Amino acid sequence: MAQTKFDRQVEETAEAVMFGIGRFLGGRDMDGVKRTDATFWRPATRVLPKVEGRVSRSSYRAGWQRLTFRMTFLSATGGGGWWTWENQESARDLIEHRETTLQAFQTGGIGAASAAAAGGLAYGLLTRERRELMREWVVPLHEALHRPLGMAEQTDPRRYLHVPKNFSDDDAQIRVDLPTHLAFSRDLVADLITQKLALEGVMFSWHPAGRKPYVLVKKTRKPPAKASFKDPKVRDLVAKAPESAPVIGIGTSGRVVSVDLDADSPHILVNASTGGGKSVTLRCITCQMLHNGSQAYILDYKRISHPWARGIPGVTYCADIADIHDALIELGWEGRRRVRVADELGIDADPDAIGPRLLILLEEVNATMKQLARYWERTRESGDPKVSPAIDALNEVLYMGRQVRMHVLLVAQSATARALGGPEVREQFATRILARYSMNAWRMLAPEVHPAPKSTKHPGRAQVVIGGTASETQVLFFTDAEAREWAATGRSATPGGKRPAVPAPPAPAELQKAADGPQTAAPDDQTPTPPTPSTEPETPAHADLPAQQDAAADPPGTIAATSPANPAGDIDGQAVGLRQAHEHHLPDITLAALRYARANDPTFPGSVDKRGAELLYRVGDLKRWARNRPRAASGTTDLD
């Protein structure tokens, strides 16, 4: 039998009643439209997509909360009706005593209105700051964030933006609940938060895991404005620092920032633009290492970056590109020698048995690497490799540094992969110090740290990146005199003021040929006569870090013999006075300048003999000093 219209209406009404009861008991919206992501047990955090119109605050509550409210309202309504029914007789008596009743209602109404007005005024005063916070900061932040986060515009900002009233204070903490899909740009979200809330010097801590991802925004405490070595507290911190972990500076909340060259990173990269404090940073680290007994090679193509280190025992200062080239080659040999020694000693060997710690300070790598390549192009012979052996030796040291106690401090204005010799070379620097950096430099050197902290022009302020974490640091400031005094009075210095010598590595092949000279031909039945060992060191490294003396070598102070078999020794091995050196070998330097340097320059070579009252000096030593002496910048990096 066909269903009548009345029957359909009855069924639809019954179905609507059943659905209404289910929605009522389930704590859902009575119209059946789901507007938020609330469940029966969990309150909502956002409005669902494609929801239009205003969303009431009750839609954000969990289902059990709304069910509790509804049951409470029904119970109160039912109790009120029952009370009215039971007190009808009393109501008739009230009507009969109308005047008395009206007077009572008037009095009660005035009291209730007064209480409501006082309560409303108090509520308005107590919530004024919160309403201003919502109007001035939270709602504008929501209007900027809801699109990047993929949230509906109708979402209540209070559900996911937890901004305290004192959010600009140092100890304040801001929490932003994130959508679970995480399909947004962290850099964009962080930039919008800092801009809309006018924040400076904040740190973002992202927590994407789990069902409730969020990000915490904390205001970091700035490092001190200055960190001078003359401060007794700072000096005490430096004195207590371990031998392998020099102090770089003071971070936030007074925390000491240092790098352990044995545990954290064997090499350090300093990247900063002009005026960023590169030389100050290296002076801070180098003088501490020298104080603790390390040896240092300062390869300074600028010539005048570290005048404080000239003449200090244990320091080899190379400023001429030829000497930098030779020093790097010798360091490569020294690294290979140390690898063999470490292999023979085994894993339980004393690190000091491998040799003293070697610090290689390479200044202005952008210009130095170009000049090393050009120098090799001008000097290499047929059959020599195209790549400079000095650059190859530097790469070897970078790959083997931790085990052999050799550490590179590399300085660059722009540490690109091309400037360093490839991206794999740059990865050897696990510790990177950046100052006055551009955003491109930060993305290139510290891409794992985002968002990038804002660069500052505060003197001595840098970001020290270790293990994917950036620490804003005020670098320790040593004056030239303080650095020199601290480096020269180390705990490992011998009573004579000199440090233990580094064993000399074998000379590289191209230097060994020149040192040995042509072999003397011998008859078939005789053994060839070996060349006479030369006492002249091939590079400044041999001059400042004396080698173990061979038994056949001439004793110190002996004038090199002149021999046709060794034409190089015929000139550079001669002992001459300062006047003769000026006239025949160093015409560009006046005699007065030579005498002044002898009295005031700690790097001026020592005399090897005397001729009457006149002191004599080796020509080779004087030429090497002339090449590496500090002088004004020429304004060009051309080898010509």
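Quick caveat: nothing in here was measured; it's all calculated off a predicted structure.
Residue pairs meeting the ring-ring contact (aromatic ring centres under 6.0 Å, His included) criterion with at least one member in residues 241-261, sequence neighbours excluded, do not occur. Residue pairs meeting the side-chain hydrogen bond (donor to acceptor under 3.5 Å, both in side chains) criterion with at least one partner in residues 278-290, sequence neighbours excluded, are Arg283-Asp480.
Of the possible polar contacts, one joining the Asp300 side chain to the Ile304 backbone as a donor-acceptor pair under 3.5 Å is found. At distances below 3.5 Å, not a single donor-acceptor pair connects side-chain atoms of Arg405 with backbone N or O atoms of Pro356. Within the 3.5 Å criterion, the main-chain N or O of Arg310 finds a donor-acceptor partner in the side chain of Arg484. Side-chain atoms of His458 come within 3.5 Å of backbone atoms of Ala225 as a donor-acceptor pair (strictly under, hydrogens ignored). When atom types are taken as modelled, the side chain of Thr489 and the backbone of Glu485 share a donor-acceptor pair closer than 3.5 angstrom. Of the possible polar contacts, one joining the Ser388 side chain to the Ala390 backbone as a donor-acceptor pair under 3.5 Å is found. Remark: the backbone N or O of Ala593 is paired with a side-chain donor or acceptor of Thr590 at under 3.5 angstrom. Checked by atom type and distance alone, the side chain of Trp625 never pairs as donor or acceptor with a backbone atom of Gly620 at under 3.5 Å.
Look at Lys610 and Glu614 and you find no salt bridge, because none of the NZ, NE, NH1 or NH2 atoms lies under 4.0 Å from a carboxylate O. The residues Glu482 and Lys230 are annotated as not salt-bridged, no charged nitrogen and carboxylate oxygen being separated by less than 4.0 angstrom. In summary, Asp236 and Lys233 do not engage in a salt bridge, as defined by a charged side-chain N under 4.0 Å from a carboxylate O. In summary, Arg357 and Asp262 engage in a salt bridge, as defined by a charged side-chain N under 4.0 Å from a carboxylate O. A salt bridge does not link Glu377 to Arg374: none of the charged nitrogens lies less than 4.0 Å from a carboxylate oxygen.
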**Request:** For Val259 and Ile466, run side chain to side chain contact (heavy atoms under 4.5 Å, CB included): C-alpha distance rounded to whole Å, both residues' side-chain angles, the deciding distance at 0.1 Å, then the answer.
**Result:** CA-CA 8 Å; Val259 54; Ile466 305 176; 4.2 Å; yes
**Request:** Before giving the answer on side chain to side chain contact (heavy atoms under 4.5 Å, CB included), spell out for Ile248 and Leu476 the whole-Å C-alpha distance, their side-chain angles and the decisive distance to 0.1 Å.
**Result:** CA-CA 6 Å; Ile248 298 176; Leu476 298 188; over 6 Å; no
**Derivation of the side chain to side chain contact (heavy atoms under 4.5 Å, CB included) call for Val576 and His584** = CA-CA 10 Å; Val576 298; His584 300 286; over 6 Å; no
**Request:** Go through Arg426 and Met444 one step at a time and tell me if the side chain to side chain contact (heavy atoms under 4.5 Å, CB included) criterion holds.
**Result:** CA-CA 10 Å; Arg426 191 169 59 195; Met444 177 176 60; 3.2 Å; yes
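Every side chain to side chain donor-acceptor pair (under 3.5 Å) that Ser471 has, sequence neighbours left out, goes to Arg255. Residues that satisfy the side chain to side chain donor-acceptor pair (under 3.5 Å) test with Lys623, not counting sequence neighbours, are Asp572. Looking at residues two or more places apart in sequence or on another chain, you find no ring pair (Phe, Tyr, Trp, His ring centres under 6.0 Å) involving Phe477. Applying the side chain to side chain donor-acceptor pair (under 3.5 Å) criterion to Arg336, with sequence neighbours excluded, gives Glu396.
For the side-chain contact (heavy atoms from CB on, under 4.5 Å) with Trp376, the lone residue among Ile391, Asp384, Ile321, Val387 that qualifies is Asp384.
Summarising the geometry, atom CG belonging to Leu328 is positioned 13.5 Å from atom CD belonging to Glu334; distances are rounded to the nearest 0.5 Å. Expressed to the nearest 0.5 Å, how far CD of Gln428 lies from OG of Ser265 amounts to 9.0 Å. If you take CG on Leu361 and OG1 on Thr316, they are separated by 12.5 Å, rounding to the nearest 0.5 Å. The CH2 atom of Trp308 sits 5.5 Å away from the SG atom of Cys287 when rounded to the nearest 0.5 Å. Between Thr368 atom OG1 and Leu362 atom CG the span is 5.5 Å, to the nearest 0.5 Å. Taking CE of Met406 as the reference point, atom CD1 of Ile354 lies at 11.5 Å (rounded to 0.5 Å).
Of all heavy-atom pairs spanning His267 and Val408, the tightest one is ND1-N, 3.0 Å. Shortest non-hydrogen contact noted between Ile312 and Ala487 is CD1-CB, 4.0 Å. Nearest heavy atoms, Ala367 versus Tyr301: CB-CD2, 4.4 Å. Minimum interatomic distance between Ala435 and Gly276 (heavy atoms only, all atoms of both residues): CB-O, 3.5 Å. Gln474 and Pro459 make their closest contact through NE2-O, 2.9 Å (heavy atoms, listed as atom of the first residue, atom of the second, distance). The minimum heavy-atom distance between Ser258 and Ala245, with the atom names listed, is CB-O, 4.2 Å.
With contacts defined as side-chain heavy-atom distances shorter than 4.5 Å, the pair Phe429/Leu398 qualifies. Side-chain contact between Arg595 and Leu578 is present, with heavy atoms from C-beta onward closer than 4.5 Å. In this structure the side chain of Leu358 never reaches within 4.5 angstrom of the side chain of Val397, judged on heavy atoms. With contacts defined as side-chain heavy-atom distances shorter than 4.5 Å, the pair Ile360/Leu410 does not qualify. Looking at heavy atoms from C-beta onward, Leu359 lies out of side-chain contact with Gln295 at the 4.5 angstrom threshold. Put simply, the side chain of Val465 does not reach to within 4.5 Å of the side chain of Leu445, judged on heavy atoms. Proximity of Ile285 to Leu409: side-chain heavy atoms (C-beta onward) are separated by under 4.5 Å at one or more points. Residues Leu282 and Cys284 are not in side-chain contact: their nearest non-hydrogen atoms beyond the backbone lie 4.5 Å or more apart.
For the 3.5 Å distance criterion, the side chains of Asn271 and Tyr437 fail to qualify, holding no donor opposite an acceptor. If you check the side chains of Glu363 and His306, you find a donor sitting under 3.5 Å from an acceptor. No side-chain donor-acceptor contact under 3.5 Å links Asn628 and Asp320.
Ring orientation note: the planes of Phe229 and Trp486 are nearly perpendicular, at an angle over 60° on the 30°/60° scale.
Between Tyr617 and Phe604, the ring center distance clears the sub-6.0 Å criterion.
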